[in-house]
Amino acid sequence: MRLHEYEALDIFEQNRIPVPRRAVATSMHEALQVAGEIGYPVVLKAQVLVGGRGLAGGIKVASTADELKDLAEALLSSEIKGLPVRKILVCEKVEIAQEFYLGFTIDSYSGKPVIVVSTEGGVLIEETARSAPEKIAAIHIEPTFGYYPYLSRSLLRRLGLNQQLITPWSDVIGQLYNVALRYEALIAEINPLVVLPNGGLMAVDAVLEVDDSALSRVRLPLPDRIDRIENPIERRGREIGVSYVDLDGDIGLISSGAGLGMASMDIIGQRMKPANFLETGGGITADLLYKCMELVMMKPDLRAIFINVYGGINPIHEGAKGVVRYIHEHKVKIPIVAKALGNRQEETWEIFRSGGVHVVTEAATEKAIDRLYELVGA
Amino acid sequence: MSIFIDDSTRVIVQGITGRIGSAQTHWMLEYGTKVVGGVTPGKGGTSVEGVPVFDSVEEAVRETGANASAFFVPAAFVLDAFLETIDAGIKFIVVVPEHIPVKDVVKMRSYAMEKNVFALGPTTPGVLVPGKGKIGIMPASLFAPGRVGIISRSGTLSYEFAGILSEAHVGQSAVVGMGADPVVLKNLADILEVFQEDEGTDAVIIVGEVGGEQEEKAAGFISRKMNKPVAAYIAGRYSPQGKRMGHAGAIIRGASGTVQGKHEALRAAGVEVLDTPIHVAAWAKKHKLR
């Protein structure tokens, strides 16, 4: 789960990482009040969960109350990369002597936590990684050994920093690592980490993504993740426990695995357009597939539905019962093609056929999509 | 001698008394796998599908001579059970459950490497050796004995590829699910090495996915060490770009794990890149695989 910048800044502050004075505003009047307390100039930052926000016009500086009124009004009625801006963060504008980058992630290939630092922070950090790799240093943490401050000190010395900066910066690294550990972060990032004119450091931005699988034990003092999903069908998908991604096509999809779902979209996409991605995971029941049918049918103007499921861990014969019950109760008129193989496949086919579902018994998804293509008369 | 599973493989099922654990024990036994015991703390002395249940892995190993384990333990308890299993001396572990916190997987992977344990997963269907046995959840009807190896990040796509090959009368030497999580217990290149050294395998199919760098690293291994034909399919060309927000991953990788980037790396290593799964049948025919 990705946290909003203002939520991540609060957590950073609680963990003794220096952050600017700030408050969240949901209206121009609130923004005006906050700015009055902080003092001009202030930075207004759209709180949307998307990368590249600054380049997309989501960050503005207001030097006066008049400027703030216009900018706050405009930001709060705008969209950034398709997401409506409901909140803005009003921040003190600090003097910046230098910008650094500090990031934590889990290196998936080595399976180790990694800390990345750079003496050139800012929006073009990935470009710096390519063009000036000597300005970037990274250190992998051995899981059985853990983190110690000397690791940061040697990392920073490799970047040629002087001792006055190494001490405060290695403190921030240790604090960020603690945040990452405590909140089970997949990503914890400060970009930029700025050097103030007095030599102190401050995190003027914060990214924190918590491992979804750890949410039940991390216990963040924040609203539930379901409330963060903007799209109503995707939100409903999360509620019933499946992964649903809304797309712009008209062929509905229900699959029993992420890989199979992605491959199904690739194959549908060769000639038609998928309306959604839906993956059930290993928890199929009659009730779940009934709800999956409801979910997929929430999208208007579907031309057909494709069901692609395997009976490995999943009782697909149970799933088929749920689909057929939905078809009968809602008198579904659009064609439904199902490919269902594995344990109890013959029984599953019979149930699907009893609901008028077109069953394809060959192994290749391409064959099923051929059938679907014929049926929609494209 | 087959790889991964042979006549000496003796499996325990951890979480055997659960709904999925007991159902999958049934399917594993039906396929001829030697399931010799199960473990559920507090349920020792009972039995499931005629298999004795023990309170601890140590006891199960002592009483049954087990040397492999299949996990059907709830995600929150997997780390604890995994460490227990390694300490009990088991060297081959299949971790089926999904939604295990990455922090736990990092510890599991580190301990397994330290103790020289071969572990698959998490979020894996496990491994199936046609005609020999299976450890995990793969549906047996789709597989046939033969000489082609399959390694897949996705469980369901491993079934898809095995099914297409079997329909085309091309059998498999072993089918391995490496797990769909961001961090896995065994990387793709390490599993490729097992197939490269296996006399019963003539060629290997990689079924990958967008994201991460498993396929890119595997390409390096293939160009250095492999002389068997390799084909690869990467799912996710049509998938919408994730709303990625962090830079650290991209900085250390230097690339973002796109389908195109993976195709280029694999082609440069001499791998035949399949545009769509069904093309695997023609590839197998071209190489006269069976």
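Each chain gets a letter, A, B and so on, in the order the sequences are listed, and its residues count up from 1. In this text the structure is predicted, and so the values were computed from the model without any measurement.
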So for [X], is it side chain, backbone, both, or neither that comes closer than 4.5 Å to the heavy atoms of chain B?
X: Leu102(A); result: neither
X: Leu186(A); result: side chain
X: Tyr109(A); result: both
X: Asn314(A); result: neither
X: Glu142(A); result: neither

Only pairs of heavy atoms separated by less than 4.5 Å count here; which of Ile20(B), Asp104(B), Val280(B) has the most with chain A?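 Max contact count across the listed options: Asp104(B).
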* **Best-contacting candidate, Asn187(B), Leu188(B), Val184(B), against chain A by heavy atom pairs under 4.5 angstrom** =>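 Winner by heavy-atom pair count: Asn187(B).
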Pairwise side-chain contact, [X] with [Y], heavy-atom cut-off 4.5 Å (strictly under):
X: Thr144(A); Y: Tyr111(B); result: no
X: Thr276(B); Y: Glu366(A); result: yes
X: Tyr310(A); Y: Glu160(B); result: yes
X: Tyr238(B); Y: Lys273(A); result: yes
X: Ile278(B); Y: Lys367(A); result: yes

What part of [X] is in contact with chain A, defined as an atom under 4.5 angstrom from a non-hydrogen atom: side chain, backbone, both or neither?
X: Pro277(B); value: both
X: Glu167(B); value: side chain
X: Ile234(B); value: backbone
X: Arg109(B); value: side chain
X: Phe161(B); value: neither

Are there over 12 heavy-atom neighbours, none belonging to [X], within less than 6.0 Å of that residue's [atom1]?
X: His4(A); atom1: NE2; answer: yes
X: Gln260(B); atom1: CD; answer: no
X: Phe221(B); atom1: CZ; answer: yes

Let's test your reading of the structure: which of [options] forms the most heavy-atom pairs below 4.5 Å with chain B?
options: Gly282(A), Gly103(A), Ala263(A); result: Ala263(A)
options: Ala258(A), Ser118(A), Pro274(A); result: Pro274(A)
options: Pro133(A), Ala185(A), Ser110(A); result: Ser110(A)

Between [X] (side chain only) and [Y] (backbone N and O only), is there a donor and an acceptor less than 3.5 Å apart?
X: Asp266(A); Y: Gly236(B); answer: yes
X: Lys112(A); Y: Val106(B); answer: no
X: Gln24(B); Y: Gly312(A); answer: yes
X: Glu184(A); Y: Lys103(B); answer: no

Might you point out which heavy atoms bring [X] and [Y] nearest each other, and give the distance in Å?
X: Val96(B); Y: Ile313(A); value: CG1-CD1, 4.2 Å
X: Arg217(A); Y: Pro101(B); value: NH2-CB, 3.3 Å
X: Ser108(A); Y: Pro182(B); value: CB-O, 3.0 Å
X: Ala140(B); Y: Asn343(A); value: N-OD1, 4.4 Å
X: Ala235(B); Y: Gly259(A); value: CB-O, 4.1 Å

Any chance you could measure [X], atom [atom1], to [Y], atom [atom2], to the nearest 0.5 Å?
X: Ser264(A); Y: Leu157(B); atom1: OG; atom2: CG; result: 8.0 Å
X: Ser141(B); Y: Arg344(A); atom1: OG; atom2: CZ; result: 13.0 Å
X: Glu209(B); Y: Met262(A); atom1: CD; atom2: CE; result: 3.5 Å

Go through Tyr159(B) and Leu341(A) one step at a time and tell me if the side-chain contact (heavy atoms from CB on, under 4.5 Å) criterion holds.
CA-CA 9 Å; Tyr159(B) 316 158; Leu341(A) 298 172; over 6 Å; no
Going through the checks in order, is the side-chain contact (heavy atoms from CB on, under 4.5 Å) test met by Glu213(B) and Asp107(A)? CA-CA 10 Å; Glu213(B) 54 180 340; Asp107(A) 177 17; 3.7 Å; yes
